[in-house]
2 protein chains.
Amino acid sequence: MKLEILTKTENLNVQKHIIAGIRDLINLKNLEPGDKLPSERMLSEKLEVSRGNIRDAIQKLEFYGLLKSIPQSGTFVANIGVIAMNGMIDDILRLEEPEFKSLVETRILLELKTVRLAALRRTDEDLDEMKAALDAFSKKVLNKEDAVQEDLLFHLAIAKASGNSSMNTFMLIITPEIITNFEKYHVCDKDLAQKGIKEHEAIFKAIKNKDPQLAKKKMKEHFKELYKYCYNV
Amino acid sequence: MKLEILTKTENLNVQKHIIAGIRDLINLKNLEPGDKLPSERMLSEKLEVSRGNIRDAIQKLEFYGLLKSIPQSGTFVANIGVIAMNGMIDDILRLEEPEFKSLVETRILLELKTVRLAALRRTDEDLDEMKAALDAFSKKVLNKEDAVQEDLLFHLAIAKASGNSSMNTFMLIITPEIITNFEKYHVCDKDLAQKGIKEHEAIFKAIKNKDPQLAKKKMKEHFKELYKYCYNV
DNA sequence: CAGTAGATATTGGTTAACCAATTATTAAGT
DNA sequence: ACTTAATAATTGGTTAACCAATATCTACTG
């Protein structure tokens, strides 16, 4: 018999099997917040997978705040009751890779907020970093070079200036895929980029002047062009 | 000499050291999208950390879409240019744990959108699940039991019905911390929960009737109470 | 000289042994 | 009988050896 390497999809299925197993076990044993899960070795034996797989699954549930590992002690149910635990795990198991449209939708939502917050909260240092990103973008466009990266970095600078760490994180999560798709579908062509400079400058100015309303308005106009491209491609 | 175990913070610093090292290396060698990174073993030697630490750091950069590992072949720079790579890595290195206020801010933003989308896109199956969550919440409140979990599960059901996978994911990420803090600060006391039933029902009804405007309005009213509690505590 | 087949080295991934901290159990002492 | 000290077992975390797929080099053939 030939031993085949597991594909990424198969690995994901193994992980889902484990996560479902942990959920069932929590229910079976009526584990409550603070209770200890069986050891990784026991879990790997019961679920018939390697300890490494178990550790990966636990890490994922830790990421979602459902479990908490403590060295040389054990893995514990986080401060979340059994009802929420079940509901959330089911949601996690059902999660699918987001489509490009979802990403754009989310990005627009986030940015219309971060730009407002940035106008309210930006420090002088934030302003400097945004200016640098803005200049880098303009320079590339004027040289007729591709500037998708510089574009996104300007937007990330706004996210940082918003002072909201979780929005900043979420922007970072969706940005790479956005860049890849933009480049693939040539969303930002040269003509559009020319307009982009003016629009970026308008956004920057509004943030500099601490005018949240105007900042949001300018961002909306900026996205208007993107919208057209995204939903026509 | 006594060997001490590394705390979680120290481990995080090691990871940041590695990520910065990888960034410097990409710059030094002018690696472009598709180029291969040095092997994990070389990196671990050069940065003087274990291969496991290297793998963790690479995994993190893979999560943010900056690197891509291929078995038995190597780790490659994703389809993102050196400028964006530098900017994003710097952002990642600077990321801090979000404060509770940031989480609430983000949650409100997300939910005012997901509720609109849910009203537009909900399937009958979505409706059933939301109804189940709604009933579970009502039942608990009427029994004068704590219902923070059921509350959040209703909101997660809305996120699912929005049909936007990334917003759904983001809601899942912030939910546990929200639950923990709500319970800690007793944000949702019994009287508020009584009101909550009516508010949830109004939201549900609006989604059922596919009325996005009304759904958003009702969600806003629902959050009005929360807002007061969050910023007074 | 080009091209190909085979051997060798390198790669990310996996596994099992190991580690020190913790926890549970036992034994001893008062 | 209770407390405490010592020991054994268990725990998550870490490390190094191992694996098979891949990439690279070598030697041979036409």
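On a predicted model such as this, the values are computed, not experimentally measured, just so you know. Chain A is the first sequence line, chain B the second, and so forth, proteins listed ahead of strands; every chain is numbered from 1.
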Going by the rule side chain to side chain contact (heavy atoms under 4.5 Å, CB included), which residues pair with B:D128 if we only count those two or more places apart in sequence or in a different chain? none
Applying side chain to side chain donor-acceptor pair (under 3.5 Å), name anything that partners B:S162, two or more places apart in sequence or on another chain. none
Considering only heavy side-chain atoms of A:Q72, the closest of C:dT11, D:dT11, D:dA17 is D:dT11
Quick check for you: to the nearest 0.5 Å, what is the distance between B:L37 atom CG and B:L25 atom CG? 6.5 Å
Which whole-number value in Å describes the distance from A:D56 CG to D:dT14 P? 14 Å
Within residues 40-50 of chain B, find the residues that approach DNA chain D with a heavy atom at under 4.0 Å, and present them sorted by residue number. B:R41, B:S50
So, is B:T75 close to the C:dG12 phosphate, meaning a side-chain N or O under 4.0 Å from OP1 or OP2? yes
Just to verify, what does A:A157 make a side chain to side chain contact (heavy atoms under 4.5 Å, CB included) with, not counting sequence neighbours? A:M130
Would you say A:S73 reaches C:dT23's phosphate, i.e. side-chain N/O to OP1/OP2 under 4.0 Å? yes
Take atom CG of B:N53 and atom P of D:dA16, then tell me their distance rounded to the nearest Å. 12 Å
B:D135 vs B:K131, salt bridge (charged side-chain N to carboxylate O under 4.0 Å, His left out): CA-CA, chis, key distance, verdict: CA-CA 6 Å; B:D135 291 342; B:K131 185 69 168 65; 3.1 Å; yes
Rounded to whole angstrom units, what separation is found between the CD atom of A:Q59 and the P atom of D:dT14? 11 Å
Ignoring backbone atoms, establish whether B:R55 has a side-chain N or O less than 4.0 Å from OP1 or OP2 of C:dG13. yes
Contact list please: residues 16-38 of chain B against DNA chain C, heavy atoms, distance less than 4.0 Å, in numerical order. none
For atom CZ of A:R51 and atom C1' of D:dT15, their distance in whole Å: 12 Å
For the side chain of B:S69, starting at C-beta, report the closest nucleotide among C:dT23, C:dG12, D:dG13. C:dG12
So what does B:I70 hit on the nucleic acid, given a heavy-atom distance under 4.0 Å: a base, only sugar-phosphate, or nothing? sugar-phosphate
Between B:R94 and A:E129, is a salt bridge (charged side-chain N to carboxylate O under 4.0 Å, His left out) present by the stated rule, with each step listed? CA-CA 14 Å; B:R94 246 179 325 197; A:E129 292 182 20; 3.5 Å; yes
Any side-chain donor near an acceptor of the partner, A:N86 and A:N27, under 3.5 Å: yes
Can you confirm whether the side chains of A:H155 and A:D151 place a donor and an acceptor under 3.5 Å from each other? yes
Could you tell me which residues satisfy side chain to side chain contact (heavy atoms under 4.5 Å, CB included) with A:D126, sequence neighbours excluded, listed by chain and number? A:R122, A:T123, A:K160, A:A161
Phosphate contact (D:dT11 OP1 or OP2) by A:S39 side-chain N/O below 4.0 Å: yes
Please tell me if B:N11 has a side-chain N or O lying less than 4.0 Å from either OP1 or OP2 of D:dT14. yes
What nucleic acid atoms does A:G52 come within less than 4.0 Å of, heavy atoms only: base, sugar-phosphate, or nothing? nothing
Between C1' on D:dG12 and CG on A:L67, what's the gap in Å once rounded to a whole number? 13 Å
